[in-house]
Amino acid sequence: MAYASIHLIFFIFLFPIHALAQNNGTVAVGRIITANETSSPWLSPSEDFAFGFQRLKDCDMFLLSIWYNKIPDKTVVWYVNTIDPVPRGSKVELNSNFGLVLRGPQDEALWNSEFTSNQVDHGFLNDTGNFIIKGGSDKRWLWESFRLPTNTLLPFQELETGSRLISRQSETNFSRGRFYLRFRNDGNLVLATGSVLTNVDDDAMYYESKTSDPLNSGYRVIFNSKGTIFILKKNNETQILGPVSTSVSTSENYFRATIDFDGVFTMYYHPMFSTTNSKWSALWSMPDNICLSIKGERGSGACGFNSICSLTNDQKPNCECPERYVLLDPNNKYGSCIPNFTLSCAQVEPNSTDEEVYDLTVHDDVGWPSASDYEIINPSNESFCRQSCLQDCLCAVAIFRNDSCWKKKLPLSNGRVDIKLKGRAFIKYRKSDAPNFNPRSICPPVPPVQERWKDRITLILVGSVFLGSSLFVNLLLIGTTCFGRYLIFWKKKIMIHPNTNAVVETNLHCFAYKELVEATNGFKEELGKGACGVVYKGEWQKSSRKIIVAVKKLDRMPRDAEKEFRAEMNTIGQTNHKNLVRLFGFCDEGQHRLLVYEYMCNGNLASLLFCDKKPRWNLRSQIAIEIARGLVYLHDECSTQISHCDIKPQNILLDDHYNARISDFGLAKLLATNQSSTLSGIRGTKGYVAPEWYRETKITVKVDVYSFGVMLLEIISCRRKVDDIESGERANTILTDWAWDCFQEGRLDILVGNDFEALEDELKLERFVMVGIWCIQEDSTCRPTMRKVSQMLEGIVEVMVPPCPYPFSFTSQG
Ligand SMILES: *[C@@H]1O[C@H](CO)[C@@H](O)[C@H](O)[C@H]1NC(C)=O
Ligand SMILES: *[C@@H]1O[C@H](CO)[C@@H](O)[C@H](O)[C@H]1NC(C)=O
Ligand SMILES: *[C@@H]1O[C@H](CO)[C@@H](O)[C@H](O)[C@H]1NC(C)=O
Ligand SMILES: *[C@@H]1O[C@H](CO)[C@@H](O)[C@H](O)[C@H]1NC(C)=O
Ligand SMILES: *[C@@H]1O[C@H](CO)[C@@H](O)[C@H](O)[C@H]1NC(C)=O
Ligand SMILES: *[C@@H]1O[C@H](CO)[C@@H](O)[C@H](O)[C@H]1NC(C)=O
Ligand SMILES: *[C@@H]1O[C@H](CO)[C@@H](O)[C@H](O)[C@H]1NC(C)=O
Ligand SMILES: *[C@@H]1O[C@H](CO)[C@@H](O)[C@H](O)[C@H]1NC(C)=O
Ligand SMILES: *[C@@H]1O[C@H](CO)[C@@H](O)[C@H](O)[C@H]1NC(C)=O
C-alpha cells in the first residue's frame, strides 16, 4: 500500500498544476513518461482514468497500465501482459511512427503498439478508460487499448470474435494466469482453463454461451453504458449474460468486469465519490459454481492438483489441501498440493504391512470426478473399499458411493466439495510412527565424470577385442541389477480387477477407393513421405461440412500384415486423445490400403525445431508435455496398449494452435520391416531407436520412452540427434552424449545456447534435462514409464538426479 499513498500524496500535490494545464485528455506526439514515483501519468478529461506506470507492491518494478485514478487503490484496468513489468527508469513515448513505444532504462525496445505506415497525430485518453491513437490524413483511430484487452472489460467496451481476456497469476502478480474468457471465431463465448500459449480450451471449458449457430452466431460481446454485458448476434438479437436487472446506478458508480485470477468472471462496482471504506463489490459473476463447472480430462481444475475446491459465499473458489498434504508453492494457495509423506510402491518396508504404515482420513461429500480413477469395484461396501485402498500401494484415494468403490491415483484433478455426491472419500496418509523409509537403489550410482570417461576408454579397448563377451557381460549386469526390482513386483499382492473396460464403439468411416481419389483430386497435392507411404491433402465432404484431410497411402505393406489391417484399424479407431492425430477412417479395398487423418496445418515438430529461428522455450516445453501425455494415453489408457515404435520429431504434428499431436501410432505392427533403418527387424529410425532393439532383449513400450528422451533433448536444445555443434570443431557430436556431458558439468547454458528464456526458467530446464537423461537410460528397466515422465515434466513428482545413461556400453549408438 505504500506506493498507493505516495501516489495519492503526489496526486494531491500536483493537482493545481494539472488544473492549470487544463488537461483535456490529449497527448501530443513526443510526450514521454518515465517509470518512477515522481513522473505524472496522462489523464482523461474527467481524470477518472490515468495512463502511465504503476509501481508494483512487492518489488521495484513498474507496470505500464491504465487505472482508475480517483479511487484509493488505483485499480488497474489495462496492462500489457505479453511483457514482464519493467524496471525503474523505463520510458513510454508517444512516437509519431509506432504509436506507443516502451523502452527499458538502457533504451532497449520492449514493446510498441504495432501498427504500420500511418503518421500519428495525437493520443487521447478517453473518459471511458480507452487510450486511443489518432492519425493518418483523416485522424482515424489507429489503435485503441480497448482492442487489446487484458483481464478487464469496461462499460463502452466491445469484444470482437477472436479476442480474449486472460486472468493474471495472482492478486499481485500480473503475469498471465491460466483462465480465459475467449470470444471464439465461431461466435461462442467461453470460459476455459488452458495453456496460454497454445489456446487449448476445448476440454477444460467451464462456461459457454452456445452462440455458435452458423446462421446466427455471436458477433460482438458488448458491455453497455447501463452496466449490462450481452452478446449481439448477427441478426441483431441479443443474449444477455448479466446482470439481468440491477438497482446499482451507473452514474454514481464505476463498473468493471474482470476475469479474476481464480477464474471467476465477475462484474464489480465501486462508488465514484469514494470514502476511505468504499471498495469494489461484486454485482454478478459466472459461472455459478466454479468448483463444479470445470470438468475436462486435462488440467487441475479450479484449484491445483490434489487440492479440494469449495465455494465461498461470494461465488469464489476456496482451495484447500487434504490433510497431510502441503502446498507445492507455499505462497500460492491456489496451486497444487503434494503429500507430506512418501507414497510409493517401490518403498514397501520388508518387515511391515501396508496397514502398519498407512492410514486413511475421511472426508464427506468430497469428490474427484475425472481421469484419476484406475479401478472401480462394484458392488462393494465401505469397509472393503477402505481396506482395498490401504493394501494397494497405487491407491492414493478411494471414494465410496452408491455401493461402488472408486480407487484413484495421483495426481488428482478437479477436487471439489459437492454435497450432491452423497459419497465419502478416504485419503491415504503415512502414519507418523511408521518405520523409516529406505529408498532402494536400483540403478547404478553415478560415477564422477573423469572416472566415467576413463571407464569408457577402457571399455572401448576391451570392447573392440571382446565384443561378444562384452555384450554377454552387459546382459549379465542388467540381469543382476534388475533382480531386486522384480522381487518387489512379485511381492505385491494381486487385487481383484473387475473388468472396467467398456466396449468402445469405433466410429471410423470406411472409404471407397474412388471416394478418396476424388477427395484428393487424383492424389494431386503431396504433403509428405513417411516410412509407410505418401501423404496427400484432400477434402472430405462429411454430411454438410467440408473437412480438410490428410490421406496416407500405405504402399509397402508386407503380405501377412493385410490380415492385421482391420484389427489394427479397430484399435486405432478406439483412440481419442487431444495429443493424437485423429483417424477419420480408412480404405481397405483390393490392394489399396489408405488411412484418412485429420489435417494438421502447422507441419511437424522437426521443421519447427530445426529452422533458423528457435521456437520459444515455453512453446517447446508445452509441446514436450503434450507429447508425453499422448504417449501416456497410448501406453496406459487405451483398451489395448499401443507401442508407437517410431517416435521422432517428424512424427509429431502441430495443429493450428500448435498443440502437439502424435501421428503414425498403431502402425508398428503393420510394418514388419522399416525402410528408414538398415538393420532388419528393427522398427524405428536410427538415432531414436532404443538399444534393446540391437540386443534382442525383450521389446517393451520402454522403447518409446527412449525415443521420447532423445526427442526431448532435441526439443530442449533445438539440435538434431547428431549435430555439427560449434562450427565443425566437434563435428558429428551425438546429442545424447553431449547433453549428458553438459549436465554433468553443470553447463546447461551451453546445451540451450543463447536461449535466455530457457535459462531463466532454470528449474524447469534442469528438470527437463534430467527427465531426458532418465529416458535414454540404456537399461530399459531404469527408464521411467511415460506416466512418470509426464508427471516429472509437469513438476508433479520430483525428479532424482539421473545416473549415467550408458553405464555398460563401450560406445553409444548414434
Ligand atoms: C487540448 O489541449 C492542448 C493543449 O493543452 C491543445 O493543443 C489541444 O488543441 C486541446 N484539444 C482539444 C480537443 O481541446
Ligand atoms: C523521474 O523521472 C523524471 C523524468 O525523467 C526525472 O526528471 C526525475 O528526476 C525522476 N525522479 C526520480 C526520483 O528519479
Ligand atoms: C470516447 O469514447 C466514446 C465511446 O466509445 C466515443 O463515443 C467518443 O467519440 C470518444 N471520444 C473521443 C474524443 O474520441
Ligand atoms: C509471477 O508469476 C510468474 C509465474 O509463476 C513468476 O515467474 C514470476 O516470477 C512472478 N512474479 C512476481 C513478481 O512474483
Ligand atoms: C442490425 O442493425 C443494424 C443497425 O441498426 C442494421 O444496419 C442491420 O441491417 C441490422 N441487421 C439485421 C440482420 O437486422
Ligand atoms: C509435514 O511433515 C513434517 C515432517 O514430518 C512436519 O514437521 C510438518 O508439520 C508436516 N506438515 C503438515 C502440514 O502436516
Ligand atoms: C525384519 O525381520 C527379521 C526377522 O523377523 C529381522 O531379523 C530383521 O532385523 C527385520 N528387519 C528390519 C529392518 O526390521
Ligand atoms: C463387504 O464386501 C466383501 C467383499 O465383497 C465381503 O466379503 C464382506 O462380507 C462385505 N462386508 C459386509 C459388512 O457386508
Ligand atoms: C447407483 O448405481 C446403480 C447401478 O450400479 C445405478 O443404476 C444408479 O442410478 C446409481 N444411483 C445413483 C444415485 O447414482
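Just so you know, these numbers use all the heavy atoms, side chains as well, and skip hydrogens, waters and symmetry mates. Indexing begins at 1, ligand by ligand and atom by atom, following the structure's order.
- Among Phe49, Phe51, Phe124, the single residue meeting the ring-ring contact (aromatic ring centres under 6.0 Å, His included) criterion with Trp42 is Phe51.
- The ligand atoms of ligand 4 that sit less than 4.0 angstrom from a heavy atom of Asn173 are 1 (C), 2 (O), 3 (C), 8 (C), 10 (C), 11 (N), 12 (C), 14 (O).
- The closest approach between a heavy atom of Phe146 and any atom of ligand 3 is not below 4.0 Å.
- Each of Asn381, Phe384 has a non-hydrogen atom positioned under 4.0 Å from some atom of ligand 8.
- Residue-environment remark: CD (Glu108) exceeds the threshold of 12 foreign heavy atoms within 6.0 Å.
- With ligand atoms numbered from 1 in the order given, ligand 4 contributes 1 (C), 2 (O), 3 (C) to contacts under 4.0 Å with heavy atoms of Ser175.
- With sequence neighbours left out, the side chain to side chain donor-acceptor pair (under 3.5 Å) criterion links Asp48 to Ser46, Lys70, Tyr254.
- Residue Lys134 has at least one heavy-atom neighbour below 4.0 Å for each of these atoms of ligand 3: 12 (C), 13 (C), 14 (O).
- The ligand atoms of ligand 4 that sit less than 4.0 angstrom from a heavy atom of Gln169 are 2 (O), 4 (C), 5 (O).
- The SG atoms of Cys309 and Cys303 lie 2.5 Å or more from each other.
- Taking OG1 from Thr193 and OH from Tyr180, the interatomic distance works out to 9.0 Å, rounded to the nearest 0.5 Å.
- Glu760 is linked by a side-chain contact (heavy atoms from CB on, under 4.5 Å) to nothing, counting only residues two or more places apart in sequence or in another chain.
- Heavy atoms from other residues, nucleotides or ligands lying under 6.0 Å from CD of Glu762 number 12 at most.
- With sequence neighbours left out, the side chain to side chain donor-acceptor pair (under 3.5 Å) criterion links Ser621 to Lys764.
- Listed by number with element, the atoms of ligand 3 under 4.0 angstrom from any heavy atom of Asn126 are 1 (C), 2 (O), 3 (C), 8 (C), 10 (C), 11 (N), 12 (C).
- The cationic atom of Arg256 (NZ for Lys, CZ for Arg) lies less than 6.0 Å from the six-membered ring centre of Tyr268 and within 45° of the ring axis.
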